[in-house]
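Down below is the structure, laid out as structure tokens.
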Amino acid sequence: MDALFQVQTSAPSTMAKRPCPSQNPRVPTFTQMDLLLDAFLGLSDSPSICIDFSFERLLDSLPSDLDQSRLIDRALKMGNFLLEASKRSARKRATKHNSVVWALPPDLTIKVFSMLDAQSLCYATATCSMFHKCAMDPSCYANIDLTTVSPRVNNAVVSTMIHRAGNSLQSLKLGIVPGPTASLGSCQPLVYNVTSFSWNDKRSRQGKESSVLTRSCLSPLGGASTPGMLLRTLHLYNIERMDNPSLRGAFSACPSLLDLEIVGLHVELRQTLTSVIENCQFIERLFFESSKTGRDDSLKSPTCVDLVQKCPRIVSLALRGFKLHDYKVRILLKGLRKLKYVDFSTSYSITGSFLRNLGNSIGGNLLEVLILRDCMHLKEVEVARFMTSLLAGDFKFLRHLDISNREGLASEGDWYERCYNSSYFEIEQMLESEINSDISLPSQLSNQTSDSMFISSSESSYNSDQGSGNEDGRDASYVIFEESSDEVDFLAL
């Protein structure tokens, strides 16, 4: 303290003797505060016990308890000021050091940062000022992937990243994904029960805001700068509170959307497709998995016709877990003439009649992938007819076929009578007899057929009355509505 007092009393005379800055520009001009702080920082070399004793003596010298409390508050405040000032100076020095030793120019640094995932980009942003400046470039947020395995992202995070991207936004992926995306031909469900998380899991680390995304998480797409105008890819997974009006508003802000994937949202199929038809007519890939398998029967024939007429560019179509009747599926397959990938897995009402004469006419003959896995009412006889047409030369581009069912295929008379390995041997013999004739079949497709198409285990994925949508029971007559090929072709046109 004596040293501080001496510096304070001698500061004016010292300042008077310093040369003018214009005469010696390299010599900085120190104020009285600078000299006092310099002397104060010089005490950091002193033992901490000495500073403690000195501070206690100052406290004891004050007469009242109020004055002592004020002194403690001032000390704490001064300590915080010094801590923040030292951190800022350290960041500035680190930035200068990085700018000298960093090998990449800013444009290449931005290019590298644009390839990082969202979490790594945030880490880079917090490293130093130079990295922060580069990481704030809109191109670094062109592809936003905030999918997690637990609820950790809230609306504020999504809004911040969308606004940083601006008109550079190309891809946006949000929600909770329980595992890696299923591979080709897999029917692994992506629907996740978000309500299984406890409330503590749904809170952010700061405890200020829920980390569960709500229906307004997509509202920034239609903001003042319209960041959704050039959005090409939108994937939404298991967002618990999303509804059809919010989804419609998001689609209206994304007229250039090409790739749409919706999994586990509590939205209706018909309303969602209507919104897509009205706003996203350039769509090429549509993947929609129901949050309540076998219960959504909202899709009607006029909606299918509108989708065919107004979204003719669709190449990949997946509608999993819905009540899709064969005549509606036929409208889609015959009308979407560029269609190459089809997945109607776990569709409850499909019998397979839509496959008749599908590959020998306009529409459906370009299919490369056809997945009808775990379709409860898929009939053995329709599968046999399809394989016959396949061997006859239809579906020349088909390279992947999955019609497996863990409960077996349905028989012609009664769908409760399931066909397991016995049907596999009969159809295999039919295939072998056809292959031995003049008709040739690629070995890859033959291997897939014999290995996985008809082999099914007795493990139940649909119980007779639970989870299958069959609320009427065994004695009820199950009716499948069908239309003739001519009627369906007329509707498709």
Side-chain angles (χ1 to χ4, degrees), residues 1-110 112-113 120-137 140 156 160 163-164 204-208:
M1 297 303 295
D2 296 337
L4 288 176
F5 181 77
Q6 291 176 0
V7 172
Q8 185 175 2
T9 55
S10 60
S13 60
T14 304
M15 292 293 293
K17 295 180 181 180
R18 287 188 175 275
C20 178
S22 61
Q23 298 177 359
N24 191 1
R26 293 186 178 182
V27 179
T29 302
F30 291 97
T31 64
Q32 183 177 356
M33 176 65 70
D34 300 335
L35 297 175
L36 185 62
L37 183 59
D38 180 65
F40 179 77
L41 294 177
L43 297 177
S44 60
D45 296 332
S46 303
S48 60
I49 190 171
C50 295
I51 298 177
D52 291 341
F53 287 155
S54 180
F55 192 77
E56 289 293 336
R57 286 195 295 270
L58 283 177
L59 285 177
D60 295 339
S61 64
L62 298 176
S64 64
D65 183 70
L66 180 60
D67 293 336
Q68 292 179 358
S69 298
R70 290 176 177 175
L71 179 61
I72 293 175
D73 292 339
R74 288 198 299 269
L76 293 174
K77 189 176 182 180
M78 177 59 69
N80 290 331
F81 287 161
L82 286 175
L83 180 61
E84 293 299 325
S86 60
K87 288 182 178 179
R88 283 193 296 270
S89 299
R91 288 194 294 267
K92 290 180 180 178
R93 287 175 58 82
T95 299
K96 292 180 180 179
H97 175 74
N98 290 343
S99 61
V100 173
V101 302
W102 185 248
L104 299 179
D107 56 340
L108 291 182
T109 303
I110 293 173
V112 172
F113 284 175
S120 300
L121 184 61
C122 292
Y123 287 154
T125 305
T127 302
C128 67
S129 299
M130 185 191 73
F131 280 8
H132 180 272
K133 183 178 180 180
C134 293
M136 292 302 291
D137 190 271
C140 296
T160 299
H163 287 140
R164 288 180 181 178
S204 61
R205 293 182 179 179
Q206 293 79 11
K208 297 179 180 179

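When a residue number appears, it is its place in the shown sequence, counting from 1.
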Under a 3.5 Å distance rule, please check whether Ser89 uses its side chain to pair with a backbone N or O of Ser86 as donor and acceptor. no

Gap separating the CD atom of Glu56 from the CD atom of Gln68, nearest 0.5 angstrom: 9.0 Å

Test side-chain contact (heavy atoms from CB on, under 4.5 Å) on Arg88 and Glu84; report intermediate values, then the result. CA-CA 6 Å; Arg88 283 193 296 270; Glu84 293 299 325; 3.7 Å; yes

For Thr125 and Phe113, what are the C-alpha separation, side-chain angles and deciding distance, and is it a side-chain contact (heavy atoms from CB on, under 4.5 Å)? CA-CA 9 Å; Thr125 305; Phe113 284 175; over 6 Å; no

List the steps, then state whether side-chain contact (heavy atoms from CB on, under 4.5 Å) holds for Lys77 with Asp73. CA-CA 6 Å; Lys77 189 176 182 180; Asp73 292 339; over 6 Å; no

Quick one: does any side-chain atom of Asp34 pair with a main-chain N or O of Thr31 as donor and acceptor, under 3.5 Å? yes

Close side-chain approach of Ile51 and Phe53, heavy atoms under 4.5 Å: no

Locate the shortest heavy-atom distance separating Leu58 from Ser61; write the atom from each residue and the value. O-OG, 2.6 Å

I need the minimum non-hydrogen distance between Phe131 and Ala124, along with the two atoms involved. CB-O, 3.2 Å

Taking all non-hydrogen atoms of both residues, which atom of Leu121 and which atom of Ala135 are closest, and how far apart? CD1-CB, 3.9 Å

Separation between CG (Leu76) and CG (Leu71), nearest 0.5 Å, reads 9.5 Å

Closest non-hydrogen atom pair between Leu62 and Asp67, with its separation: CD1-O, 3.5 Å

How close do Tyr123 and Thr127 get, heavy atom to heavy atom, and via which atoms? O-OG1, 2.9 Å

